[in-house]
Each structure stands twice: as C-alpha cells, then as structure tokens.
**Q** 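Dropping the structure in here first, questions after.
Every heavy atom of this structure was used, including side-chain atoms; hydrogens, water molecules and symmetry mates were not.
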Amino acid sequence: MEDVSDILSAESVELKVEPSSDMTQPQINDLGQLVPVTVEPYTVHEPLIPAGLNTSQQALLTAVGGGSVAVYQAYWYSQHNGVPDGSHVSKVSQPDVRYKTTSLTDYSDFAGFTVYGLEAVKK
C-alpha cells in the first residue's frame, strides 16, 4: 500500500464532521425499538477540494455510472472510512458553507484514503 498521508496532510484544512444517524448497527431502546446510532461531531485535518475543470473524479464517475453524470461541489479526501451518507462537513474557518456526503470511492485497500463526493447544503 502506498503511503500518501504526507500528501494529504500538506493540503489539509480543519474540517468539522457531523455524522448522520447510522442504521447499519442500530441499538435497541427500552421499548425494544431499533434506534440509529448517533455519533458526536468531530474535527479532522484533511483536504477539501472544490470541484472544477481540473478535477478528474468526474470522468471516473461518468465511466462507473454507465454514462450518468454526477456533479459534486467538492471532494473530501479522508483517511476515515465509513462516514455515513448524508453526514455534514464544513471548514472550521467557514462554518456557513456546509456540504453533505453523497457518495464515496474507497481507495483504502491500496492508498489508505477514501474520496467523498460532497453536495452543498442550502440554508
């Protein structure tokens, strides 16, 4: 596996991650009902790259999606795998600009990171 942690840390910014409720391993409450696991928000120092003409992820998604085009406003290169879809991500320096995770491409087996496609969250 290639170690790209130095590249990721060189381009990192402080991000606040607010995970969405996760039903993959729900808990049972006192009434015997399944409830989603809630995770507290946390901060990471990882790259958040705005989508643009020089972003090659779009070509990859077009090929994988069978010709359908998925458009994202940003990409988050993370060493944290398993962030649920719908989780909110924002730069700590710009808390008014928020994104939500809508897809992921997992490179953790050979490169040690996951790329999350992010869409802007409208206020």
Side-chain angles (χ1 to χ4, degrees):
M1 175 169 73
E2 293 293 323
D3 182 17
V4 297
S5 59
D6 56 340
I7 297 170
L8 293 178
S9 64
E11 300 298 326
S12 69
V13 294
E14 187 175 13
L15 301 173
K16 179 180 180 184
V17 181
E18 301 171 56
S20 64
S21 298
D22 190 2
M23 284 297 284
T24 57
Q25 296 178 342
Q27 297 176 341
I28 299 175
N29 66 9
D30 294 338
L31 300 174
Q33 299 168 323
L34 294 177
V35 293
V37 175
T38 55
V39 180
E40 292 296 318
Y42 57 91
T43 58
V44 294
H45 291 273
E46 295 177 330
L48 182 85
I49 310 296
L53 296 176
N54 60 349
T55 317
S56 62
Q57 283 293 114
Q58 188 63 51
L60 175 66
L61 290 170
T62 301
V64 171
S68 63
V69 177
V71 178
Y72 301 108
Q73 280 81 30
Y75 296 97
W76 170 29
Y77 291 75
S78 178
Q79 293 181 313
H80 295 83
N81 196 357
V83 176
D85 276 354
S87 297
H88 286 201
V89 179
S90 61
K91 289 183 181 179
V92 171
S93 63
Q94 295 176 314
D96 294 341
V97 180
R98 296 170 52 93
Y99 301 94
K100 69 177 179 177
T101 58
T102 58
S103 72
L104 67 89
T105 306
D106 187 3
Y107 298 110
S108 59
D109 288 343
F110 55 89
F113 67 92
T114 301
V115 180
Y116 293 93
L118 304 176
E119 292 182 1
V121 175
K122 298 191 191 301
K123 288 189 170 190

**Q** Does T101 use its side chain to pair, donor to acceptor, with the backbone of G86 at less than 3.5 Å?
**A** yes
**Q** Would you kindly confirm whether L48 and Y42 end up in one hydrophobic cluster when ILVMFWY residues are joined by side chain heavy atoms under 4.5 Å apart?
**A** yes
**Q** Can any side-chain N or O of T114 pair as donor or acceptor with the backbone N or O of N81 at less than 3.5 Å?
**A** no
**Q** Checking Y75 side chain against P47 main chain: does a donor-acceptor pair fall under 3.5 Å?
**A** no
**Q** What is the minimum heavy-atom distance between V92 and P95, and which atoms define it?
**A** O-CD, 3.5 Å
**Q** Apply side chain to side chain contact (heavy atoms under 4.5 Å, CB included) to the pair V89 and K100, showing each step before the final yes or no.
**A** CA-CA 6 Å; V89 179; K100 69 177 179 177; over 6 Å; no
**Q** First locate atom CG of L118, then atom NE2 of H88, and finally report the distance between them rounded to the nearest 0.5 Å.
**A** 10.5 Å
**Q** Please examine the side chains of V17 and V44, heavy atoms only from C-beta on, and report whether any two atoms are closer than 4.5 Å.
**A** yes
**Q** Take V121 and V97 through the side chain to side chain contact (heavy atoms under 4.5 Å, CB included) test and state the conclusion after the steps.
**A** CA-CA 8 Å; V121 175; V97 180; over 6 Å; no
**Q** Using 0.5 Å steps for rounding, measure from the OG atom of S12 to the OH atom of Y77.
**A** 14.5 Å
**Q** Stepwise, does the side chain to side chain donor-acceptor pair (under 3.5 Å) test hold for E46 with S78?
**A** CA-CA 6 Å; E46 295 177 330; S78 178; 2.8 Å; yes
**Q** Check S20 against P84 and note the closest heavy-atom contact, atom names and distance.
**A** OG-CB, 3.3 Å
**Q** Sequence neighbours excluded, which residues qualify as side chain to side chain contact (heavy atoms under 4.5 Å, CB included) partners of E40?
**A** none
**Q** In chain order, what residues pass the side chain to side chain contact (heavy atoms under 4.5 Å, CB included) check against I28, with sequence neighbours excluded?
**A** L34
**Q** Who are the side chain to side chain contact (heavy atoms under 4.5 Å, CB included) partners of S90, not counting sequence neighbours?
**A** K16, R98
**Q** Does H45 reach the side chain of L15, with side-chain heavy atoms less than 4.5 Å apart?
**A** no
**Q** Can you find a heavy atom in the side chain of Y99 that is under 4.5 Å from one in the side chain of Q73?
**A** yes
**Q** For a 4.5 angstrom cut-off between non-hydrogen side-chain atoms, does W76 reach V115?
**A** no
**Q** Please check if atom CD in E14 has more than 12 non-hydrogen atoms from other residues, nucleotides or ligands closer than 6.0 Å.
**A** yes
